[in-house]
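Structure first, commentary second.
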Amino acid sequence: MPPRTAAIQNAAIQSAVTLPAEFYRRPADIVARELLGKYLVRRIGDETVALQIHETEAYVGAHDLACHGRFGCTDRTAVMFGPAGYWYTYLIYGMHWMLNVVTGEVDQPAAVLFRGAGNSRGPGKLCRELSIDKSHYGLPATAKSGLWIEDRGYTIRRGGILRTPRIGIDYAGAWKDKKLRYVLKDS
DNA sequence: GCAGTGATCATA
DNA sequence: ATGATCACTGCC
């Protein structure tokens, strides 16, 4: 590897900063949009993998007819009613783990679903690739959990984000058409 | 187009 | 205890 390239990469790594809890303590749609281009980082033992996030969805609160928190606080959704910056994982269709991060204020259930990062397309495949499951439920998005998110200085070009309705929520009435899915165009 | 797969929750 | 549902994926 040429020295110049190595120097640039080292500079990029040095500028990486783990997103703080305050980043997540905002409306889910804002967080979902700003998570694009950030890096989802997974550490297992000595191995560290960082994947650039290119697709997210926002579930914005109890009034959102697609949000799991709409039926109140249950065993599964309890973490969504807690503070922002914690992982919400759940199993769907008996097979696929989904990864979300809790956003917003305490007692107001909201989260962002990770639908794509790196070469993974789809929330189930992403969790399979990074070995994410029930063990992450309720853990903070920090290095000590082995799963966190970094800002590595990537800036999205103007008009670089596509907004569409969310996937797989046709039951959600008026909310099924709201553009709460965010996609990085050059992904 | 649709089967696979099992946790979760409401109902009883 | 039982049954419906489900923020998906991969193969037909």
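The sequence lines fix the lettering, A, B, ..., with proteins before strands; numbering per chain opens at 1. Treat the numbers as computed from the prediction; the structure is a model and nothing was measured. In what follows, every heavy atom counts, from backbone to side chain, and hydrogens, waters and symmetry copies are set aside.
Base engagement by A:N100 is indicated by at least one non-hydrogen atom pair under 4.0 Å involving a base atom. Contact annotation for A:R76: backbone-only contact, meaning every heavy-atom pair under 4.0 Å involves sugar-phosphate atoms and none involves a base. At a threshold of 4.0 angstrom between heavy atoms, the contacts of A:R181 with the nucleic acid are absent. Nucleic acid contact for A:L113: base, since at least one base atom lies under 4.0 Å from a heavy atom of the residue.
Using a 4.0 Å cut-off, no side-chain N or O of A:K134 falls inside it from OP1 or OP2 of B:dG6.
For the residue pair A:Y88/A:H68, the side-chain donor-acceptor check at 3.5 Å is satisfied. For the residue pair A:E57 and A:Y59, a side-chain donor N or O sits within less than 3.5 Å of a side-chain acceptor on the partner. Under 3.5 Å, the side chains of A:R43 and A:T48 contain no donor-acceptor pair of N or O atoms.
Both A:H96 and A:L91 lie near DNA chain B, and the one whose nearest nucleotide falls closer to the 5' end is A:H96. With the nearest nucleotide of DNA chain B identified for both A:M95 and A:F71, A:M95 has the one nearer the 5' end.
Chain A approaches DNA chain C within less than 4.0 angstrom (heavy atoms of the protein), and the contacting nucleotides run 5' to 3' from C:dC6 to C:dG10.
Nucleotide B:dA7 forms a Watson-Crick or G-U wobble pair with C:dT5, both donor-acceptor distances falling under 3.5 Å.
The side chain of A:Y93 lies closest to B:dG4 when the candidates are B:dG4, B:dA7, B:dC9.
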From CA spacing to verdict: ring-ring contact (aromatic ring centres under 6.0 Å, His included), A:H63, A:W175: CA-CA 9 Å; A:H63 58 296; A:W175 284 83; 5.4 Å; yes

Chi angles and distances behind the side-chain contact (heavy atoms from CB on, under 4.5 Å) call for A:T56, A:L36: CA-CA 7 Å; A:T56 60; A:L36 295 180; 4.1 Å; yes

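Nucleotide B:dT8 holds its C1' atom 11 Å from the CH2 atom of A:W97, rounded to whole Å.
For A:K179, the NZ atom sits in a loose shell: 12 or fewer heavy atoms of surrounding residues, nucleotides or ligands are nearer than 6.0 Å.
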